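The structure appears right after this line, and notes come after that.
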Amino acid sequence: MKTSAKTSSELAKILFEIGYFDEMTGVPFKPRAYQLASELVAALGNEIKDAWRKGGIKALKDMPGIGQSIAEKIDEFFRTGKVRAYQEMKKKFPVDIWSLSKIEGLGPKHISDLYKYLKVKTLADLKKALASHKVRTIPHWGEKSEEKLQRGLGLMERSSGRWLLGNVLPIADEIVSTLSKVKGVKRCVYAGSLRRKLETVGDIDLLATASDPEKVTDAFTKLTMVESIHEKGKTRSSVRLTIGIDADLRVVPDTVFGATLQYFTGDKRHNVLLRELALSKGYTLNEYGLFRLKSKDGEHKRGALIVCKTEEEIYKKLGMDTPPPELRVGGEEMDAAREHRLPNLIPYGSVRGDLQVQTNWTDGSSSIEEMALAAKKSGLSFMAVTDHTKALAFVGGLDDNGVARQGKEIDNLNKKLRGFTILKGTECDILRDGSLDLSDKALAKLDWVGVSIHSLFNLPRKQQTARIVKALSNPNVDCFFHPTCRRIGKREAIDFDMDEVLATAKKYRVAMEIDCYPDRSDLRDAHVKMAVKAGIKLVIDTDAHSPEHFRFISLGEAIARRGWATKSDILNTRTAKNLIGYLRKKR
DNA sequence: GCCGTTTTCGGCCCGACTGTTTTCAGTCG
């Protein structure tokens with residue numbers, strides 16, 4: 001059976017290809033509409049089908065970027081599994097646009113030419129055409145463009161595309177630190193999806209201001225971690241690092257830092273909306289500043305520079321507050337910033353304790369004491385020990401007796417430790433029927449009860465939802481750990497009705513977890529936003545299995561920020577004492 | 001094709017770099 005995640009990705013592909021075909025044939029404006037819709041569908045995943053199930057075409061049209069025509073196509077897709085307009089397009093142009101367009105440097109015009117002159121329809125066709133050196137015979141193509149295409153193809157086959165934020169941040173920090181030491185460099189920061197703290201990033205975007213741009217660019221392209229140089233210009237250069245990710249550097253005068261940082265932070269849609277807003281107010285915006293727009297004989301020309309030194313002054317001039325980078329997606333943050341109702345996002349460094357920690361009682365690497373000391377060292381003042389339960393036999397999960405024995409060790413440690421509190425907890429397995437893997441009596445004795453799913457990921461949606469709802473209804477349960485069970489790049493999210501689960505969490509005052517172990521990032525930003533809107537408390541946990549994992553906390557704070565969460569939405573920003581009081585009262 | 005604190009019609013972001021060119025098209029971010 002197909003999962004609905006697959007279904008929504010198929011739909012995203014269809015919308016993408018329709019738009020891409022229009023772009024090839026020179027149809028104006030439609031491509032952008034389809035592209036936006038495709039991105040929206042991909043980002044929503046299961047939820048697009050949920051919305052359609054509940055509200056049909058009308059619910060689809062309520063979404064930003066979806067109007068009558070695209071809503072009808074989505075409706076047709078969910079009803080029949082097909083989109084007629086798409087099939088007709090495919091008859092005219094039977095090309096695997098989706099795959100070919102993923103090749104770096106290969107755009108709509110070239111894909112069109114490849115089919116027109118060489119009948120290239122697939123990646124396999126393209127390989128043949130390259131091998132026989134026919135590509136260079138296409139008008140306006142030459143030896144170099146053929147080589148570039150060959151490189152792009154090889155690259156795509158080798159790399160998976162996106163990288164986990166947690167893995168890339170340390171590398172970006174290292175580059176920033178190195179370039180900052182180059183003589184004449186005034187400022188050097190990372191921008192792009194890194195600054196927006198997206199869960200995965202496609203590349204490393206860097207921005208520097210310097211008196212001598214060439215010096216920085218040289219230092220950048222000569223970094224030991226650079227494998228090859230894509231391009232090197234006066235203000236922009238781009239390289240591939242040995243680990244396989246690309247890094248881009250922009251160098252501008254210090255006086256325009258704010259405008260360039262704004263531009264280079266994105267995201268793309270946010271910038272497009274901002275520039276449209278600028279136009280409507282008689283300005284034009286680019287990476288060098290906000291300029292007055294002069295109109296002469298119907299022609300618009302750039303006039304005097306207004307502001308460019310900081311991001312804040314640009315947004316202010318456009319009548320907005322400055323959205324934190326994590327909120328810049330080209331959506332709701334635009335109106336919120338105009339209406340001065342941006343949320344007061346949870347500041348980095350707010351989390352005081354980690355409420356999901358595994359030890360060597362099960363599959364963690366270290367003792368309870370070692371984990372506690374590491375947590376304390378990384379600035380935390382409490383943690384909950386949450387080892388697995390017996391259903392996870394292969395890690396030696398604990399039963400009622402095991403949990404009780406562990407509790408005694410924790411009591412002893414708490415007498416010994418100063419300025420740090422260990423809560424007795426569990427990561428209790430949710431069994432097939434929604435019952436829990438420890439007895440209610442054992443659970444009731446614990447300070448902190450998290451429940452989670454580690455089996456039967458593919459139950460039918462209805463059954464999976466019922467299973468979770470039953471588990472969360474147990475009065476001993478405090479938190480739902482890594483709710484969707486996804487592993488980025490490894491495992492799809494399990495299928496359940498998020499609205500119903502959130503309603504249950506609300507009813508029984510169960511917190512939802514933001515598990516910030518990098519490949520989990522679960523809940524993800526969009527789900528956090530749903531939970532915050534519903535008034536459900538959240539916790540940020542690292543799911544640490546060894547002492548160095550506590551550094552992931554800031555990744556979880558980033559997810560919370562992307563989900564519009566404030567400090568009061570997150571339970572473990574409280575002190576241990578306050579949290580324990582809250583939990584007692586709740587039960 | 002979408003959208004509306006100028007608009008239900010008439011708008012729709014902007015610049016750098018590359019390659020193949022004699023002034024620009026294609027791609028990217």
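Convention: sequence-line order gives letters A, B, ...; per-chain numbering from 1. As the structure is a computational prediction, the values presented were derived from the model and not from experiment.
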Across all chains, not counting sequence neighbours, the side-chain hydrogen bond (donor to acceptor under 3.5 Å, both in side chains) partners of A:Q87 are none
Quick one: label A:P28 by what it contacts on the DNA or RNA (base, sugar-phosphate, nothing), any heavy atom closer than 4.0 Å.
nothing
Taking the C1' atom of each, how far is B:dG1 from B:dT8, in whole Å?
14 Å
Could you check whether A:S238 gets within reach of a base, just the sugar-phosphate, or nothing at all, counting any heavy atom under 4.0 Å?
nothing
Quantified in whole Å, what is the P atom distance between nucleotide B:dT21 and nucleotide B:dG26?
13 Å
A:Y315 versus A:Q262, side-chain donor and acceptor atoms under 3.5 Å
yes
Stacked cation flag A:K222 on A:F220, 6.0 angstrom / 45 deg
no
Residues at least two apart in sequence or cross-chain that pass salt bridge (charged side-chain N to carboxylate O under 4.0 Å, His left out) with A:K30, listed by chain then number, are none
Classify A:L285 by what it touches in the nucleic acid, base, sugar-phosphate, or nothing, heavy-atom distance under 4.0 Å.
sugar-phosphate
For A:L273, report the nucleic acid contact type (base, sugar-phosphate, nothing); a contact means any heavy atom under 4.0 Å.
nothing
Would you indicate what A:Y34 reaches in the nucleic acid, counting non-hydrogen atoms under 4.0 angstrom: base, sugar-phosphate, or nothing?
sugar-phosphate
Assert: residue with more 5' nearest nucleotide on DNA chain B, out of A:K281 and A:E143, is A:K281
With a non-hydrogen cut-off below 4.0 angstrom, is A:R32 in contact with a base, only sugar-phosphate, or nothing?
sugar-phosphate
For a quick check of understanding: with a heavy-atom distance under 4.0 Å over all strands, which category does A:L274 fall into, base, sugar-phosphate or nothing?
nothing
Can you check side-chain hydrogen bond (donor to acceptor under 3.5 Å, both in side chains) on A:Y348 and A:K197, steps first, answer last?
CA-CA 12 Å; A:Y348 287 103; A:K197 301 287 195 293; 4.6 Å; no
What is the nucleic acid contact for A:K30, judged by heavy atoms within less than 4.0 Å: base, sugar-phosphate only, or nothing?
base
Give me the distance, rounded to whole Å, that separates B:dT6 from B:dC12 when you measure between the C1' atoms they each carry.
15 Å
Roughly how many Å apart are B:dC13 and B:dG4, using the P atom of each and rounding to a whole number?
15 Å
So A:E146, base contact, sugar-phosphate only, or nothing? Heavy-atom distance under 4.0 Å.
nothing
Residues which pass salt bridge (charged side-chain N to carboxylate O under 4.0 Å, His left out) with A:D75, listed by chain and number, not counting sequence neighbours:
A:R79
Scanning all shown strands, the Watson-Crick or wobble mate of B:dT8 with both distances under 3.5 Å is none
C1' spacing across the pair B:dC9 / B:dC14, given as an integer number of angstrom:
25 Å
Using atom P of each nucleotide, how far apart are B:dG10 and B:dC17 to the nearest Å?
39 Å
Close side-chain approach of A:L523 and A:M498, heavy atoms under 4.5 Å
yes
Over all strands shown, is A:K232 touching base, sugar-phosphate only, or nothing at heavy-atom distances under 4.0 angstrom?
sugar-phosphate
For a 4.0 angstrom threshold against heavy atoms of chain A, report the outermost contacting nucleotides of DNA chain B in 5' to 3' order.
B:dG1 to B:dG29
Looking just at side-chain N and O atoms, do A:E146 and A:Q150 make a donor-acceptor pair shorter than 3.5 Å?
no
Please determine, by modelled atom types, if A:K13 and A:S9 share a side-chain donor-acceptor pair under 3.5 angstrom.
no
Quick check on contacts: within residues 212-220 of chain A, what sits under 4.0 Å from DNA chain B by heavy-atom distance?
none
Which part of the nucleic acid, if any, lies within contact of A:K268, taking any heavy atom under 4.0 Å across all strands shown: a base, the sugar-phosphate backbone alone, or nothing?
base
Hey, which of these two, A:R236 or A:V272, hits DNA chain B nearer its 5' end, going by closest nucleotide?
A:V272
Any carboxylate oxygen within less than 4.0 angstrom of a Lys/Arg side-chain nitrogen, looking at A:E333 and A:R196?
no
Quote, to the nearest angstrom, the C1' distance that separates B:dT7 from B:dC2.
13 Å
Within the structure shown, what part of the strands sits under 4.0 Å from A:P108 by heavy-atom distance: base, sugar-phosphate, or nothing?
sugar-phosphate
According to side-chain contact (heavy atoms from CB on, under 4.5 Å), who are the partners of A:D335, at least two apart in sequence or on a separate chain?
A:R338, A:E339, A:R341
